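Below, each value reflects all heavy atoms present in this structure, side chains not excepted, and no hydrogens, waters or symmetry copies. Not measured: the values here are computed from a predicted model. The chain is numbered in sequence order, starting from 1.
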Amino acid sequence: MRKKIILAAVIAFTVISSAMGTRTYLSAKTEENLRCVISASREECALDDSVEQADAVAEIKINGIVEEYNNEIPQTLHKASVIKSYKGELPEEIKVLQDGTRQMPMSDTPLFQEGERYILVMKKTVSLPDNNNSYWVLKEYFVSGNQAVETLPTGELAAEEAGIDTYDSARSWNQAVRLKEAELPYDSEILKKADLIDYIEEVQ
């Protein structure tokens with residue numbers, strides 16, 4: 001009987017030790033995979049100036065990540081479908097270069113997620129191994145339904161431009177826009193997508 005009790009105690013101790021060891025290992029792995037968040041200042045550029053400088057302006061849908069670069073500035077290259085072009089001749093699919101990666105994101109801008117739609121004001125890339133149909137972003141607006149929110153904090157908010165209306169109350173925001181705005185580390189007004197597009201088209 002005593003042997004059985006000792007054997008049961010040994011088994012229990014082994015199980016507990018194994019569980020504790022697994023927990024310690026998982027904790028170490030969690031610490032190992034901690035992300036570094038990059039904080040950087042960006043050049044201020046108003047919407048009208050950005051549109052004038054841009055090689056292309058379009059509404060796009062993010063289709064996933066092509067590659068991540070960990071050079072002097074960590075960057076992520078996304079593939080995207082072109083829904084509608086407002087400036088420039090674009091193919092059905094382009095690549096979009098964004099500052100930050102999944103392991104080293106920018107502190108002020110969420111990374112694009114697959115399935116999201118944006119209106120992007122873009123310049124052609126010159127730094128990639130293949131710059132064909134690849135663009136980097138001057139201005140970006142997350143869009144859902146008839147609403148849009150600027151997700152790149154550069155210069156004045158588009159809502160301060162003449163002719164662009166905003167939604168006065170968060171109760172008017174749709175769920176996707178509400179969630180995206182909540183990700184931003186700063187307060188951003190929710191715009192009427194149609195007015196934003198009208199303004200972009202008038203600038204050209």
Practice task
Test I200 against D198 for side-chain contact (heavy atoms from CB on, under 4.5 Å), laying out the working first.
Solution key: CA-CA 6 Å; I200 288 170; D198 287 345; over 6 Å; no

Exercise for the section: Starting from the C-alpha separation in whole Å, work towards a yes-or-no answer on side-chain contact (heavy atoms from CB on, under 4.5 Å) for K95 and H78. Expected result: CA-CA 5 Å; K95 289 172 283 186; H78 305 264; over 6 Å; no

Problem - side-chain contact (heavy atoms from CB on, under 4.5 Å) between L77 and L128, worked out - result: CA-CA 10 Å; L77 188 66; L128 298 175; 3.8 Å; yes

Practice task
Could you walk me through whether V137 and V96 pass the side-chain contact (heavy atoms from CB on, under 4.5 Å) test, one step at a time?
Solution key: CA-CA 7 Å; V137 180; V96 180; 3.6 Å; yes

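Neither side chain, Y167 nor N174, offers a donor N or O lying under 3.5 Å from an acceptor on the other.
Each of D99, T125, T101 was scored for a side-chain contact (heavy atoms from CB on, under 4.5 Å) with Q75, with one residue passing: D99.
Here the OG1-CD distance, from T151 to E181, works out to 11.5 Å after rounding to the nearest 0.5 Å. With rounding to the nearest 0.5 Å, the separation of CG in L47 from CG in L196 is 6.5 Å. In this structure, CG in D48 is found 10.0 Å from CD in Q53, a value given to the nearest 0.5 Å. Note: I65 CD1 to Q113 CD = 7.5 Å, rounded to the nearest 0.5 Å. Residue T109 holds its OG1 atom at 9.5 Å from CD of E150, rounded to the nearest 0.5 Å. How far CD of E116 is from CD of E140: 9.5 Å, rounded to the nearest 0.5 Å.
For residues 58-68, the set of pairs meeting the salt bridge (charged side-chain N to carboxylate O under 4.0 Å, His left out) definition, not counting sequence neighbours, comprises E59-R117, E59-K193, E68-R102.
When the shell of 6.0 Å around NZ of K79 is examined, it contains 12 or fewer heavy atoms from other residues, nucleotides or ligands.
In plain terms, the two heavy atoms of V149 and S188 that are nearest each other are CG2-OG, 3.4 Å. Of all heavy-atom pairs spanning S81 and N63, the tightest one is OG-ND2, 2.6 Å. Closest heavy-atom contact between P110 and E183: CB-OE1, 3.2 Å. The two residues F142 and A176 come nearest to each other via the heavy atoms CE2-O, 3.6 Å. In terms of heavy-atom proximity, A54 sits nearest to V121 at CB-CG1, 3.6 Å. When all heavy atoms are compared, the tightest approach of L138 to S50 is CD1-O, 3.6 Å.
Note on Y186 and V177: same hydrophobic cluster, where clusters join Ile, Leu, Val, Met, Phe, Trp and Tyr whose side-chain heavy atoms are under 4.5 Å apart, directly or indirectly. In terms of hydrophobic clustering, with Ile, Leu, Val, Met, Phe, Trp and Tyr side chains grouped at heavy-atom distances under 4.5 Å, L184 and L111 are assigned to different clusters.
K123 forms no cation-pi arrangement with Y135, by the criterion of a distance under 6.0 Å to the ring centre and an angle within 45° of the ring axis.
Looking at residues two or more places apart in sequence or on another chain, you find no salt bridge (Lys or Arg N to Asp or Glu O under 4.0 Å) involving K87. Not a single salt bridge (Lys or Arg N to Asp or Glu O under 4.0 Å) links E201 to another residue, sequence neighbours left out.
Listed for the N71 side chain is no donor-acceptor partner under 3.5 Å among the backbone atoms of I73. Checking side-chain atoms of D195 against main-chain N and O of K192 turns up no donor-acceptor pair under 3.5 Å.
I94 is listed as a side-chain neighbour of V82, based on a closest heavy-atom distance under 4.5 Å. Contact annotation: the side chain of Y69 approaches that of P129 to within less than 4.5 Å [non-hydrogen atoms, C-beta and beyond]. Contact check for M122 versus V57: no side-chain heavy atoms found under the 4.5 Å cut-off.
Relative orientation of the F112 and Y118 rings is tilted, given thresholds of 30° and 60° on the angle between their planes.
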